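Inspection log for the structure reproduced underneath, given as structure tokens.
As the structure is a prediction and not an experimental result, all values here were calculated from the model. Atom set for the values below is all heavy atoms of this structure, side chains included, hydrogens, waters and symmetry mates excluded. Reminder, nothing fancy here: chain letters follow the sequence lines and each chain counts from 1.
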Amino acid sequence: MSTYDESDAFEGASLAARAMAARPSPYLEGLNPEQRKAVETIDGPVLMLAGAGTGKTKALTTRIVHMLNTGKARPNEILAVTFTNKAAREMKNRVGHLLGQPAEGMPWLGTFHSICVKLLRRHAELVGLKSNFTILDTDDQLRLLKQLVQAAGIDDKRWPARALAGVIDNWKNRAWTPDNLPAAEAGAYDGKGPALYRQYQARLIELNAVDFGDLLLHVVSIFQTHDDVLAQYQRWFRFIMVDEYQDTNVAQYLWLRLLAAGHKNICCVGDDDQSIYGWRGAEVGNILRFEADFPGAAVIRLEQNYRSTPHILAAASSVISGNQGRLGKELWTEAETGEKVRLIGHWDGEEEARWIGEEVDAMQGGTRGLRGFSLDDMAILVRASHQMRAFEDRFLTIGMPYRVIGGPRFYERMEIRDAMAYFRLVTSPADDLAFERIVNTPKRGLGDKAQQKIQMTARANGVPLIEGARILLAEKGLGGKGAIELGKLIEGLDRWASLTQGELRRVALDADSVVEDGGEIERVEYGPPEMTHVELAETILDESGYTGMWQNDKTPEAPGRLENLKELVKALEQFENLQGFLEHVSLIMDNEAGEDGEKISIMTLHAAKGLEFPVVFLPGWEDGLFPSQRSMDESGQRGVEEERRLAYVGITRAEEVCTISFAGNRRVYGQWQSQMPSRFIDELPEDHVEVLTPPGLYGGGYGAAGMNSTLETRVAEANVYNSPGWRRLQTRSAERPTSQPREASKTVIDLQAVSAHSMGERVFHQKFGYGLIIGIEGDKLEIDFEKAGAKKVVARFITGTDDVPF
DNA sequence: AATCCCGACATTTTT
DNA sequence: TGTCGGGATT
């Protein structure tokens, strides 16, 4: 009955298989014995415990290629799941590379979510959805919940909708539907959680929409209640592979277990020591329990590290050994030389940033006895994103190019979401959430009152909002400017939709090009569309007044937003039509900004997982900040252990030079606080650590505290000196000579950039906005910013206001 | 309907 | 110290 076997056949791989079967497999030769075992153990459950930098992706991709080449599996029989699109993409690329051709034919290599979308589109009707359901992001989700909370007459001051969103997400992570919610959860969200959850799910079905959690939840539900469907996929996916298994939540675990129950050929790759997503539902228990869940599992440990020096590995091992209940791994390396992990304390956070700035500068030039590094080789990894500020400020001042990884993603930006709402409304007029989003953006004089009228009319007639608006207009239920503008908007939407008609119908027919049970696809001929979808997108943004809105906006962000809109339109070119684009975007939230020039990276420890850098700075190792107080308060010992794993992840990112630092004083929410060195510093192995002394007056910024005599700083000193971390630092420090005086930093002075400007000129800066030049000093300009106040900034980060695109 | 001002508040984040 | 959301104001 299934038509998959025929339709998904993959010719390329079988050709490759034949070609390679003739020779012994050369791709196996570069593997170490453990990797090789992981690659060749194909049948039965396998747990690959892969420590940081042990060639996990290599093993995983080679394993896929091996299965294909030996004819064990066809590409469409392998289910390979990752968490991020980036990981999926990389795997696809590497498999393709090993195969010597693009791995186009691996239809089931993707993220949990993207694979679930595919599955759910095929079986949507089993959970009451249509197969063209839309996927809501967290923003849509929150607005929906707000409406429900409001309708329930709940004081959203005491019980914010945000909290409800969190509760519901948690439930979904645990695969709890409204029907199988444990009794213990009844009290959630002031006792109204369960009822609101039920309402929310019902509303989603009404809207023919799902949130991210639903993608898994619905598929698990289908598997649990429809044996035939499950059996079909169990048969189909003969080999299952899972990356980052330590990050799976209960829903994902159930999903995998259900699918693997047939052939039991499941290979999970992960590292319990790198489980850092417990706070969003990941269960380390999943990986710890693997052997119990899958009896007879082969457990393979990848412990040979190809990334870091022995000192760095020793430091990481020493820290992580403080955790209980590990599966246990000991990283080792053939490398014999390398720098020790460097540890340094500073007087305060600003000095820490200043020191790192100078250090980066020096290392870039290859001074300090180290080889010269590119800025691209260096990264600063922080615990919390607010710590990035100190570095950004410092780097802007000294003209050090940097890039921030993470942060708001392209498709989460307001202007992008607005634009997308327009596109959504044009392709599916019944999209109420999109309608709500843009009905008064740009301002059309349609405030709360007018929008309520539309809502009521729509509800009374049981139609989508846009139809409600039509009726309201026809009944003359709205007057004045609002009525005229609303009329124009609806007229516009109709017109834009008509321009896309041909495309729409074609898309609906070959959606996913899957027809089950012998259904026939009927091809219909269409004339050429009246304009390309790219032109259409431009027309929509233009005629709706949306572009104009930002062109007239004088805030410093406006030019950037217009720039983003341009980029959005450019991104459209890669798709056949608007619909296809929207589908893609709802799942791919990547921010692949084209990077120019060498830059040092700043990111959170979480964002750094999976990355590596020759030079890594780990600032802010202070108790309360790292480990974070909140984590310890909320999760106690378990929290500390997750923080410790974060420390482990941080250290193991470094290949050659790893520098840990802390500050004795730090401004927290504007208040100065004295800080104690992190407990993790005590867990570093002395023999592998070199303690540096910061430059500055009286032989060290941190120690120089003594010259200050205010009560506050004495208290600070007392605290700091009493901490075990500090005592140890002192002893070690005394044993070693202080570091040589710093060589002069050699920032290139760019006088040309300065000469382009003059006193009193109005200029623009990416981060600080507009301001007037009030001073010139070397290659720096002193600027009185309208929003940010007076600052000295390197001239090349400044543009004259004439240059700013409006 | 839009703007302004005040108080509460403050990890980590992918899909 | 900054941001965001709500209530009061224009």
Practice problem: Between A/Asn440 and A/Tyr669, name the one whose nearest nucleotide on DNA chain B is closer to the 5' end. | Solution: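 Checking each residue's closest nucleotide, the 5'-ward one belongs to A/Asn440.
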Self-check item: Residue whose closest nucleotide on DNA chain B lies nearer the 5' end, A/Ile276 versus A/Ala450
Solution: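 Its nearest nucleotide being more 5', the pick is A/Ala450.
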[X] has a side chain; which of [options] sits nearest to it?
X	options	value
A/Ala607	B/dT12, B/dT15, B/dT13	B/dT13
A/Phe212	B/dT13, B/dT15, B/dT11	B/dT15
A/Ala384	B/dT15, B/dT11, B/dT13	B/dT11

Quiz item: Regarding A/Asp418 and A/Thr441, is there a side-chain donor-to-acceptor distance under 3.5 Å anywhere?
Solution: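 There is no such pair (donor and acceptor under 3.5 Å, judged by atom type) between the side chains of A/Asp418 and A/Thr441.
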Quiz item: Is it the case that A/Gln147 and A/Glu436 place a side-chain donor and acceptor less than 3.5 Å from each other?
Solution: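 On atom types as modelled, these side chains qualify, holding a pair under 3.5 Å.
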Take atom [atom1] of [X] and atom [atom2] of [N], then tell me their distance rounded to the nearest Å.
X	N	atom1	atom2	answer
A/Met632	B/dT12	CE	P	16 Å
A/Asn249	B/dT15	CG	C1'	11 Å
A/Phe83	B/dT12	CZ	P	20 Å
A/Ile602	B/dT12	CD1	C1'	17 Å
A/Lys443	B/dT3	NZ	C1'	11 Å
A/His113	B/dT14	NE2	P	11 Å
A/His606	B/dT14	NE2	P	10 Å
A/Ile405	B/dT13	CD1	P	12 Å

Categorize [X] for me: base, sugar-phosphate, or nothing, with a 4.0 angstrom heavy-atom threshold over every strand shown.
X	value
A/Asp448	sugar-phosphate
A/Ser631	base
A/Ser628	base

Checking [X] now: which residues fulfil salt bridge (charged side-chain N to carboxylate O under 4.0 Å, His left out) with it, not counting sequence neighbours?
X	result
A/Asp169	none
A/Asp272	none
A/Glu641	none
A/Arg394	none

Exercise. Would you tell me if any nitrogen or oxygen in the side chain of A/Asn85 comes within less than 4.0 Å of OP1 or OP2 on B/dT14?
Key: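 Result: no.
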Quiz item: Looking only at side-chain N and O atoms, does A/Thr604 come under 4.0 Å of OP1 or OP2 in B/dT13?
Solution: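 For A/Thr604, the contact criterion (side-chain N or O under 4.0 Å from OP1 or OP2 of B/dT13) is met.
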Quiz item: Is the ring centre of A/Trp279 under 5.5 Å from the base ring centre of B/dT12, and are the two planes under 30° apart, so that they stack?
Solution: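 A stacking contact exists, since A/Trp279 sits close and nearly parallel to the base ring of B/dT12.
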Self-check item: Side chain proximity check, A/Arg666 to A/His346, heavy atoms < 4.5 angstrom
Solution: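 No, side chains not in contact.
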Quiz item: How would you give the extent of chain A contacts on DNA chain C, as first and last nucleotide 5' to 3' within a 4.0 Å heavy-atom cut-off?
Solution: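 So the contact region on DNA chain C extends C/dT1 to C/dG2.
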Quiz item: Can you name the residues that form a ring-ring contact (aromatic ring centres under 6.0 Å, His included) with A/Phe617, not counting sequence neighbours?
Solution: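 If we apply the ring-ring contact (aromatic ring centres under 6.0 Å, His included) test to A/Phe617, skipping adjacent residues, there are no hits.
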Quiz prompt | Strand contacts (DNA chain B) in residues 633-651 of chain A, 4.0 angstrom heavy-atom criterion | solution =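 The answer is A/Glu634, A/Glu643.
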Quiz item: Tell me the ring pair (Phe, Tyr, Trp, His ring centres under 6.0 Å) pairs involving residues 141-167 of chain A, sequence neighbours left out?
Solution: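 Qualifying pairs: A/Trp159-A/Tyr189.
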Quiz item: For A/Arg174, what residues pass the side-chain hydrogen bond (donor to acceptor under 3.5 Å, both in side chains) criterion, not counting sequence neighbours?
Solution: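 With neighbours one apart ignored, the set is empty.
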